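As the structure is a prediction and not an experimental result, all values here were calculated from the model.
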Amino acid sequence: MSDKPLTLYGETFHSRLLIGSALYPSPSIMQSAVKASGAEIITLSLRRQGPGQEAGAAIWQAIKETGCKLLPNTAGCRTGKEAINLAEMSRELFQTEWLKLEVIGDDYSLQPDPFGLLEAASELITRGFKVLPYCTEDLILCQRLRDVGCEVLMPWGAPIGTGLGLLNPYHLRMLRERLPDLPLIVDAGIGAPSQAMEAMEMGFDAVLLNTAIAKADNPVLMAEVFRNAVAGGRHAYLAGLMLPQQTASPSTPTIGMPFWHQHKSNNSQ
């Protein structure tokens, strides 16, 4: 089935699965899982790994060897100012203007702070960053992020690392309907391939996940399964899902008499 490639900030990608680089049992397993996933974009955190940190040298080298486009994130930031400072450090160290922007407002749920997020996104856009904000599925927040210049949004499905899936499908569908031309990537909370497929069936452009693959018993196999699920969900969306209805509808038409009844009527004449 023909499909246009995923386009983010003017760059095209064939994979619609983005993958994280943390929590794997080893750098080599991470590399194998990334390859199996088919992902072309990989996220990493300056706070956990960087070229200048000896402890993170092995994972940093493994990430570079994947050949994926780097998407540094501002994980752990609690204020817009903190996120802006970390973003500038990431740009200098990783030599990229791409940024997954995270500004966390609640330590328990890791829910994004909408005010700090919008403040940081607005400033970083003016500084030339290509911002992919991690946000909730709140329509107004997403509209404001779009208005300040974010060309991609990354609403959560559920809190980070929970694996609970799409907790608010109503608002996610509304977000997709109201922002039809803006790339939307479901980020966080996906725990099973079926959940990733559901997001893609809704018409979301891609899925970003980490824990569901990294913490699987077999991360490499799970990465391959997610790759197929994302592709399957995209194809289902393109094919056009049937609309749900409240009443039963027979799959076999009931108009006219059955063949055996017609044959019996003809013999009696």
Side-chain angles (χ1 to χ4, degrees), residues 6-13 18 20 41-48 50 69-160 168 171-189 199 203-210:
L6 175 66
T7 301
L8 307 174
Y9 282 104
E11 296 189 36
T12 58
F13 304 91
L18 289 69
I41 300 174
I42 187 169
T43 64
L44 69 162
S45 173
L46 178 62
R47 292 178 181 270
R48 288 193 296 266
K69 184 173 187 63
L70 300 181
L71 180 59
N73 66 49
T74 59
C77 291
R78 296 295 189 272
T79 67
K81 183 177 180 180
E82 187 181 5
I84 292 169
N85 291 338
L86 190 60
E88 290 288 5
M89 293 173 63
S90 293
R91 176 159 61 178
E92 181 178 349
L93 287 172
F94 300 122
Q95 297 297 300
T96 179
E97 294 176 337
W98 281 54
L99 183 75
K100 177 187 173 184
L101 178 61
E102 297 184 30
V103 181
I104 300 302
D106 180 68
D107 290 334
Y108 178 77
S109 66
L110 298 181
Q111 180 171 333
D113 175 357
F115 307 103
L117 184 67
L118 187 59
E119 172 194 356
S122 180
E123 176 62 25
L124 289 168
I125 290 291
T126 65
R127 296 189 186 193
F129 282 89
K130 301 180 188 305
V131 178
L132 291 79
Y134 161 63
C135 57
T136 65
E137 74 281 15
D138 182 87
L139 174 63
I140 306 305
L141 172 60
C142 289
Q143 289 175 327
R144 297 292 183 269
L145 289 167
R146 175 202 59 189
D147 293 344
V148 300
C150 294
E151 297 183 15
V152 184
L153 301 181
M154 305 179 73
W156 68 353
I160 295 173
N168 200 335
H171 279 103
L172 286 170
R173 288 192 180 93
M174 179 188 295
L175 192 62
R176 179 69 286 177
E177 292 173 1
R178 295 290 299 275
L179 302 174
D181 301 321
L182 192 68
L184 299 176
I185 301 172
V186 172
D187 174 20
F204 282 87
D205 297 279
V207 168
L208 191 160
L209 55 89
N210 186 177

Do the charged groups of E11 and K69 touch, with an N to O distance under 4.0 Å?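 Yes, E11 and K69 are salt-bridged.
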Any salt bridge linking R78 with D113? Criterion: basic side-chain nitrogen under 4.0 Å from a carboxylate oxygen.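 No, R78 and D113 are not salt-bridged.
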For [X] versus [Y], what's the shortest heavy-atom pair and its separation?
{"X": "W98", "Y": "L132", "value": "CE3-CD1, 4.0 Å"}
{"X": "L145", "Y": "A121", "value": "CD2-CB, 3.9 Å"}
{"X": "P112", "Y": "T136", "value": "CD-CG2, 3.9 Å"}
{"X": "G128", "Y": "E97", "value": "O-OE1, 3.3 Å"}
{"X": "A75", "Y": "E102", "value": "CA-OE1, 3.6 Å"}
{"X": "F94", "Y": "P72", "value": "CD1-CG, 3.7 Å"}

Say you draw a straight line from [atom1] of [X] to [atom2] of [Y]; how long is it, rounded to the nearest 0.5 Å?
{"X": "T43", "Y": "L99", "atom1": "OG1", "atom2": "CG", "value": "11.5 Å"}
{"X": "I42", "Y": "L71", "atom1": "CD1", "atom2": "CG", "value": "10.0 Å"}
{"X": "F204", "Y": "D187", "atom1": "CZ", "atom2": "CG", "value": "12.0 Å"}
{"X": "L101", "Y": "I84", "atom1": "CG", "atom2": "CD1", "value": "8.5 Å"}
{"X": "N168", "Y": "L172", "atom1": "CG", "atom2": "CG", "value": "6.0 Å"}
{"X": "Q143", "Y": "D138", "atom1": "CD", "atom2": "CG", "value": "9.0 Å"}

Any side-chain heavy-atom pair from L175 and L153 closer than 4.5 angstrom?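 They are not in contact (no side-chain heavy atoms under 4.5 Å apart), so the answer is no.
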Are the side chain of [X] and the backbone N or O of [Y] linked by a donor-acceptor pair below 3.5 Å?
{"X": "R176", "Y": "L179", "value": "yes"}
{"X": "S90", "Y": "L86", "value": "yes"}
{"X": "Y9", "Y": "E151", "value": "yes"}
{"X": "T126", "Y": "E123", "value": "yes"}

Begin from the C-alpha positions of I104 and Y134 and carry the test side chain to side chain contact (heavy atoms under 4.5 Å, CB included) through to its verdict. CA-CA 9 Å; I104 300 302; Y134 161 63; 4.0 Å; yes
How about R178: does its CZ atom have over 12 heavy atoms from other parts shown lying under 6.0 Å from it?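 No, CZ of R178 has 12 or fewer neighbouring heavy atoms, counting only those of other groups under 6.0 Å.
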For M89, does the CE atom have more than 12 heavy-atom neighbours from other residues, nucleotides or ligands under 6.0 Å away?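 Check fails, neighbour count at 12 or below.
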For T7, run the side-chain contact (heavy atoms from CB on, under 4.5 Å) check against T12, D205, V152 and tell me which one passes.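 Checked T12, D205, V152 against T7; only one passes side-chain contact (heavy atoms from CB on, under 4.5 Å): T12.
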Show your working on side chain to side chain contact (heavy atoms under 4.5 Å, CB included) between T79 and F115 and close with a plain yes or no. CA-CA 9 Å; T79 67; F115 307 103; over 6 Å; no
Once side chain to side chain donor-acceptor pair (under 3.5 Å) is applied, do any residues pair with D181, and if so which ones, sequence neighbours excluded?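 Side chain to side chain donor-acceptor pair (under 3.5 Å) check on D181 returns nothing, list empty.
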